[in-house]
Each structure stands twice: as C-alpha cells, then as structure tokens.
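Below is one structure, written out as structure tokens; the observations come after it.
Just so you know, residue 1 is the first one in the sequence shown, and it goes up from there.
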Amino acid sequence: MPANLPPEAPALVLAAPGTECDVPAAVKTIVCVDHPQLDVKLVHLGDSKTNLAETLADCAAKRPEGAIAAIVVPMVTGPHQQVYRTVREAVAESGVLTTIADPLGPHPLLAEALHVKLADSGLARADRMRLFNIAAPVDGIIIATVGGQEAVRAADATVVLLAARLTLPVVAASLDASPGVGDAAQRLRNIGASRLALAPFLIGPEIDARRITAAAESVGAGCADPLGAHNAVAQLVALSYGSSLTGLDPDTP
C-alpha cells in the first residue's frame with residue numbers, strides 16, 4: 001500500500017454480502033485507521049444493487065474523466081458467483097471505470113485467523129504466541145464455506161495451511177452446496193476422527209449465522225466463530241486494493 005496517494009487515486013469500495021451488519025463496518029474502521037490516505041466506501045449488496053452503482057457514480061464524479069474511479073473489494077474469502085455477478089451488474093449499470101478485486105483468500109493470514117478463532121472457542125491448541133489459551137484439541141476440522149463447489153475447491157489451499165498449523169486432518173465443505181458438512185464429517189470419521197470442530201471460512205455476512213450453528217450441530221461438532229473483523233481481514237482488504245492499484249487491468253462496463 002503506497003504511503004501517499006494522489007487525490008485522484010481510486011476509492012476503495014468494500015462490497016459486503018447481505019444486508020447491513022456490524023462486521024463490514026468494523027472492517028472499514030480498521031482499514032481507515034490503518035490507512036488514513038484511502039477514500040473508503042462500504043456498500044451492502046443485499047440492500048440494493050443500485051446502491052453500489054450510485055456509490056461508483058459518486059466516486060467517478062470526484063475524479064478526472066477517464067481515470068479508474070474505484071477498486072471494488074468483495075468481502076468474501078473465496079469464489080462467490082452471486083456476489084461477483086451482483087458487483088459486475090452494478091458496475092455495468094454505473095458506467096464507471098472500475099477494477100474488481102479477487103477474493104481475499106486463500107492466504108496464510110486467513111489460515112492463521114481460523115486457528116485463532118478455533119483456539120478462542122477452545123477447539124484447538126492456541127497459537128504458539130498465545131500460550132495462555134491452550135485447550136484440549138479436537139481431532140478433525142471442517143472448514144465451512146459458501147459459494148458452492150468452486151468455493152470448496154478454492155478452500156483446499158487453506159485446508160493445507162490449517163492442517164500444517166494444527167497437525168490435524170482438515171476437510172473443506174460447503175454450507176450452501178455439496179460436498180456438505182455431513183460429507184466432510186463422514187470423511188473425517190472414516191479416518192478415525194471422532195471429536196470434530198467446524199471453522200467457518202467466512203467473514204460473517206455471507207450467510208445466516210443460524211445455518212452455521214445448525215450445520216455444526218447436525219454432525220455433533222463444536223463451532224468456532226466466523227472470521228469477523230479480524231485484523232487479517234482488514235490487512236487483506238488493503239493488500240487487495242494495493243495489488244489492484246499496481247497490477248490489475250480495470251474491468252470496464
């Protein structure tokens with residue numbers, strides 16, 4: 001992230017799935033505090049697609065004609081067709097020159113954040129730097145995603161990273177498609193794991209929290225919290241903006 005940005009630098013537009021909730025606003029606050037040079041906007045895609053189009057138009061009005069007005073960073077950890085379709089439709093509707101960033105994951109920072117969330121829930125041994133919270137570990141982890149089979153496949157890199165951190169078997173599953181949490185639980189039990197934990201590989205607003213809890217209960221697994229406004233999420237938002245600013249071609253309407 002450049003320390004200094006020109007006034008005409010693109011705005012960072014956070015595109016959060018679902019309707020208004022506290023987590024995206026908390027992520028925005030962290031990004032703004034860490035990077036005060038950024039013009040940061042937040043849009044909740046579930047409220048209205050037009051809301052994003054209007055935000056992009058407002059960004060364009062404050063920048064030179066022909067310049068990239070905004071970099072949209074979808075607040076998702078992996079592929080999510082519905083979110084990206086909504087974003088692209090809004091960009092087309094706005095007619096604004098815009099770059100759409102890739103998902104925030106996979107990334108080692110997110111694997112570390114999943115580890116922290118599991119440890120905070122007493123479902124894994126704490127990070128070596130957080131030895132005050134050592135708890136009896138489970139013997140199998142399910143990483144739960146949304147976004148269908150593509151998201152499950154994309155989570156494989158995070159599966160490897162988390163398994164290496166915990167030295168435990170880890171399997172990815174989908175909360176909105178197959179392979180589901182039940183399939184993942186059966187795979188783990190087939191290799192001898194009996195004490196399972198579910199780690200939502202989600203920021204939070206992607207799905208109703210009750211569906212996460214119900215999925216964990218359906219297989220008798222403990223359940224960690226979603227990533228939420230973990231500092232890793234805010235760091236990756238800023239990294240995504242910086243990478244888009246320096247290397248990606250804009251997605252034009």
Please give me the minimum heavy-atom distance between D139 and P169, naming the atom from each residue. O-CG, 3.4 Å
I need the minimum non-hydrogen distance between A229 and A26, along with the two atoms involved. CB-CB, 3.6 Å
Do L227 and L114 have side chains that get closer than 4.5 Å, going by heavy atoms? yes
Report yes if the side chains of L202 and I212 come closer than 4.5 Å at any heavy-atom pair, otherwise no. yes
Does atom CD (Q81) have a neighbourhood of more than 12 heavy atoms from anything else shown, all under 6.0 Å? no
Check: P24 and H44 side chains under 4.5 Å, non-hydrogen atoms: yes
Are Y84 and V146 linked, directly or through intermediate hydrophobic residues, by side-chain heavy-atom contacts shorter than 4.5 Å (ILVMFWY only)? no
Taking atom CG as the centre, does D22 end up with more than 12 heavy-atom neighbours from other residues, nucleotides or ligands that are less than 6.0 angstrom away? no
Is the shortest side-chain heavy-atom distance between V181 and L198 below 4.5 Å? yes
Could you walk me through whether L196 and R189 satisfy the side-chain contact (heavy atoms from CB on, under 4.5 Å) test, starting with their C-alpha distance in whole Å, then the side-chain angles of each, then the deciding distance to 0.1 Å, before giving a yes or no? CA-CA 9 Å; L196 308 182; R189 288 181 175 127; 3.8 Å; yes
Would you check, one step at a time, whether the test side-chain contact (heavy atoms from CB on, under 4.5 Å) holds for F201 with L162? CA-CA 11 Å; F201 191 35; L162 188 60; over 6 Å; no
With a 4.5 Å heavy-atom cut-off, do L104 and V73 have their side chains touching? yes
Considering only heavy atoms from C-beta outward, does the side chain of V72 approach that of L56 to under 4.5 Å? yes
Looking at every non-hydrogen atom in both residues, tell me the closest pair between A69 and V96 and how far apart they are. CB-CG1, 3.5 Å
Separation between CD1 of I68 and OG1 of T99, rounded to the nearest 0.5 Å: 4.0 Å
For the atom pair CZ (R88) and CG (L52), what is the distance rounded to the nearest 0.5 Å? 12.5 Å
Say whether V170 and L161 are linked into one hydrophobic cluster, either directly or through other cluster members, by side-chain heavy-atom distances under 4.5 angstrom. no
Value rounded to 0.5 Å, distance of CD in Q37 from CG in D34: 10.0 Å
Would the distance check show the side chain of Q235 and the main-chain N or O of V233 forming a donor-acceptor pair, the cut-off being under 3.5 Å? no
Which heavy atom of K117 sits nearest a heavy atom of A224, and at what distance? O-CB, 3.8 Å
From Q82 atom CD to L45 atom CG, the distance as rounded to the nearest 0.5 Å: 9.0 Å
Could you pull out the closest heavy-atom pair between R125 and A119, with the gap in Å? O-CB, 4.1 Å
Any side-chain heavy atom of T158 within less than 4.5 Å of one from T145? no
Minimum heavy-atom separation for S94 to A53, with atom names? CB-O, 3.6 Å
Apply salt bridge (Lys or Arg N to Asp or Glu O under 4.0 Å) to residues D58 and K62 and explain how you reach the verdict. CA-CA 7 Å; D58 180 64; K62 299 175 182 177; 3.4 Å; yes
Same cluster or not: V152 versus V159, using hydrophobic residues (I, L, V, M, F, W, Y) connected whenever any side-chain heavy atoms lie under 4.5 Å apart? no
When you look at L166 and L118, which way does the side-chain contact (heavy atoms from CB on, under 4.5 Å) test go after all the steps? CA-CA 10 Å; L166 299 175; L118 285 163; 4.1 Å; yes
State the CG-NZ distance between L14 and K41, to the nearest 0.5 angstrom. 11.5 Å
Distance (rounded to the nearest 0.5 Å) between M75 CE and I203 CD1: 4.5 Å
The single option from I141, V171, D183 passing side chain to side chain contact (heavy atoms under 4.5 Å, CB included) against L188: V171
Do L110 and I142 belong together in a cluster built from hydrophobic side chains that touch within less than 4.5 Å? no
Can you tell which of L109, V27, I30 makes a side chain to side chain contact (heavy atoms under 4.5 Å, CB included) with N231? I30
Can you confirm whether D176 sits close enough to R211 that some side-chain heavy atom of one is under 4.5 Å from a side-chain heavy atom of the other? yes
I'd like to know if I143 and L175 are part of one continuous hydrophobic network [Ile/Leu/Val/Met/Phe/Trp/Tyr, side-chain heavy atoms within less than 4.5 Å]. no
Please walk me through it: do D102 and S240 pass side-chain contact (heavy atoms from CB on, under 4.5 Å)? CA-CA 7 Å; D102 291 334; S240 183; 5.9 Å; no
